[in-house]
Amino acid sequence: MRVVVLGAGFGGLELATTLSEALGDDVAVTLIDRNDAFVFGYAKLDVMFGRAPPEEVRLPYRAVAKPGVRFLRETITAIDPETRRVTTDAGVHEADALVVALGADYDLDATPGLAEGGNEFYSVAGATRLRDVLPSFSGGRAIVGVCGAPFKCPPAPSECALLLHDYLVQRGLRGAWKITFVIPFPTPVPPSPDTSAALVEAFAERGIEFVPNRRVSALDPARRVAVLDDGAELPYDLFLGVPKHRAPDVALASGLAEDGYVPVDPRTLETRFPRVYAVGDVATIGVPKAGVFAEGAARVVARTLIAELRGGEPPEPYDGTGSCYIEFGAGRVGRVDVDFFSGPKPTGAFQAPSSALVAQKQHFGSSRRARWFGL
Ligand SMILES: Cc1cc2nc3c(=O)[nH]c(=O)nc-3n(C[C@H](O)[C@H](O)[C@H](O)COP(=O)(O)OP(=O)(O)OC[C@H]3O[C@@H](n4cnc5c(N)ncnc54)[C@H](O)[C@@H]3O)c2cc1C
């Protein structure tokens with residue numbers, strides 16, 4: 001069976017690893033990514049606040065050595081879901097099963113003024129730039145602002161606001177700054193009232209102004225104001241933004257996308273094209289855009305393909321659950337266990353910050369580093 005996996009992020013890496021573990025050389029997995037290394041999303045916050053150098057958080061794809069799997073560093077330029085044929089800058093790949101795991105791209109131009117007058121911390125390049133410019137600011141008004149939903153890892157901008165507070169405290173500058181956090185949700189983590197309450201309390205304790213239910217729709221760099229979606233204006237000296245997201249152009253052009261992302265059957269992750277699946281941030285599944293959900297969805301697709309090849313029952317449907325670790329600042333980490341499918345509405349059980357959770361978060365990273373990269 002030829003399985004072609006488009007994108008080697010959380011979804012693609014987990015899929016290739018699960019197939020290799022179960023099938024070894026009985027499967028031919030081609031894993032394609034335009035980059036030469038993977039970086040955990042949360043590592044961008046570490047880079048931005050100088051907690052880790054960018055080169056330290058890169059996990060090189062050349063380390064991926066698994067039976068049945070070959071990694072190709074190529075840029076995907078076209079996907080034909082009817083024939084399961086993929087074109088890249090280096091050639092054409094034919095698949096018996098095709099898995100689209102291309103993630104979400106950032107659309108800075110969708111927010112006027114963001115590219116010229118603001119900063120984003122959602123890419124390694126943006127986080128590295130911020131690491132370099134943050135020390136040059138001595139005081140003023142900082143806004144952590146979300147420019148559109150859905151966006152990756154809903155707790156990440158809350159974490160950014162809390163870690164910015166710590167960063168300024170450590171430099172003796174906190175008193176010279178006002179921090180405002182703008183998010184287009186009524187609470188920081190809507191499925192979990194307890195997590196949201198703990199975050200809102202943490203903002204209040206630190207004097208961080210919380211502006212819910214508002215999106216940053218534009219920046220006016222000349223006047224240094226952020227314009228919110230109700231027309232209100234907030235002055236800023238430093239803008240740390242979560243840009244609007246969109247599916248990669250190649251996915252949008254493939255005929256797979258509707259309303260900006262790739263719809264799938266949430267139980268099987270299959271698109272409307274037979275044996276073409278989509279997992280993770282590129283897909284509309286009914287779960288947030290986060291690595292843990294991409295991974296869980298990838299495991300269901302892998303088990304489906306394993307059952308096809310080995311015979312046996314199809315796997316349990318995708319359950320829409322996942323656990324996210326949340327940086328609360330001061331070296332403390334909390335956790336939320338969310339469940340999107342089993343009840344009438346999503347739920348999220350909160351675990352208060354503790355040192356045990358700091359160790360769990362480290363294990364989350366190191367276990368995947370070992371499993372996917374052998375490092
Ligand atoms: C600041 C921040 C903090 C986060 N914290 C967490 C967290 O604590 N826990 C968590 O679970 N998630 C977290 N996330 C979210 C997580 O990183 C993403 O949701 C996750 O990476 C999605 O996995 P994916 O496989 O769908 O896509 P990705 O991991 O984005 O992988 C997609 C891959 O496709 C490749 N690609 C795209 N287009 C092409 C093309 N044309 N040709 C070739 N390759 C292409 C990309 O290079 C990329 O490697 C965080 C994200 C950010 C930004």
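Both counts, for ligands and for their atoms, begin at 1 and track the order of listing. FYI, side chains are in, hydrogens and waters are out, and symmetry mates aren't considered; it's all heavy atoms of this structure.
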Taking the six-membered ring for Trp, are F203 and F210 parallel (under 30°), tilted (30 to 60°) or perpendicular (over 60°)?
tilted
Nitrogen or oxygen of G291 less than 3.5 angstrom from that of ligand 1:
yes
With the threshold set strictly below 4.0 angstrom, can you tell me whether any protein non-hydrogen atom sits that near atom 9 (N) of ligand 1?
no
R34 with D105: basic N within carboxylate O range, under 4.0 Å
yes
Give me the atom names and distance for the closest heavy-atom approach of D237 to G140.
OD2-CA, 3.3 Å
Proximal ligand 1 atoms for N35, defined as those under 4.0 Å from one of its heavy atoms:
47 (O)
Taking distance alone, with no angle check, do C153 and ligand 1 share an N/O pair under 3.5 Å?
no
Under 6.0 Å from the ring centre and within 45 degrees of the ring axis: does the NZ or CZ of R171 meet both conditions for the six-membered ring of Y167?
yes
With F10, the ring pair (Phe, Tyr, Trp, His ring centres under 6.0 Å) member among Y42, W372, F293:
W372
Atom indices of ligand 1, in the order listed, that fall short of 4.0 Å to a heavy atom of K289:
19 (O)
Distance-only, no hydrogens or angles: does the D339 side chain make a donor-acceptor pair with backbone N or O of F341 under 3.5 Å?
yes
Atoms of ligand 1, numbered as shown, that sit under 4.0 Å from any heavy atom of G103:
26 (O), 27 (O), 30 (O), 32 (C)
Hey, does R34 come in under 3.5 Å of ligand 1, counting only N/O atoms on both sides?
yes
What is the closest protein heavy atom to atom 40 (C) of ligand 1, and at what distance does it sit?
I76 N, 3.8 Å
Within-cut-off N or O pair, A294 and ligand 1, under 3.5 Å
no
Using a 4.0 Å cut-off to any heavy atom of G9, which atoms of ligand 1 qualify?
25 (O), 28 (P), 29 (O), 31 (O)
Could you tell me whether a side-chain N or O of D96 sits under 3.5 Å from a main-chain N or O of R2, the two making a donor and an acceptor?
yes
In this structure, atom 25 (O) of ligand 1 is nearest to the protein heavy atom G11 N, 2.8 Å
Side chains of F350 and V189, heavy atoms from C-beta outward: is any pair under 4.5 Å?
no
Enumerated ligand 1 atoms positioned under 4.0 Å from heavy atoms of T75:
42 (N)
So that I can tick it off, tell me whether E14 and R371 are bridged by a salt bridge, with the cut-off set at under 4.0 angstrom between side-chain N and carboxylate O.
yes
Tell me which protein heavy atom sits closest to atom 53 (C) of ligand 1, plus the residue, atom name and distance to 0.1 Å.
Y122 CD2, 3.3 Å
Closest non-hydrogen protein atom to atom 2 (C) of ligand 1, residue and atom name please, with distance?
G41 O, 3.3 Å
Check for me whether C324 has a heavy atom closer than 4.0 Å to any atom of ligand 1.
no
Short side-chain to backbone donor-acceptor contact, Y106 and Y122, under 3.5 Å:
yes
Heavy-atom contact check, 4.0 Å cutoff: does F151 meet ligand 1?
no
Inter-residue atom distance E159.CD - E327.CD, 0.5 Å rounding
6.0 Å
Within ligand 1, which atoms have a heavy atom of Y61 less than 4.0 Å away?
49 (O)
State the atoms of ligand 1, each with its element, that fall below the 4.0 Å cut-off from a heavy-atom position in D281.
18 (C), 19 (O), 20 (C), 22 (C), 26 (O)
Have a look at D33, V100, L15, V279 and point out the one with the heavy atom closest to atom 35 (C) of ligand 1.
D33
Using a strict cut-off of 4.0 Å, indicate which atoms of ligand 1 neighbour a heavy atom of G7.
33 (C), 34 (O)
For ring-ring contact (aromatic ring centres under 6.0 Å, His included), just list the numbers for F185 and F151, CA-CA rounded to whole Å, side-chain angles, deciding distance to a tenth of an Å, and then say yes or no.
CA-CA 11 Å; F185 301 152; F151 60 93; 5.5 Å; yes
Side chain E270, main chain R275, donor-acceptor under 3.5 Å:
yes
Would you mind telling me if ligand 1 is within reach of the side chain of E74, the backbone, both or neither, using heavy atoms under 4.0 Å?
backbone
Using heavy atoms and a 4.0 Å limit, tell me yes or no: is L102 in contact with ligand 1?
yes
Output yes when the distance from some N or O of ligand 1 to some N or O of F10 is under 3.5 Å, and no in every other case.
yes
Would you say that I326 contacts S158 through its side chain, given a criterion of any heavy-atom pair below 4.5 Å between the two side chains?
no
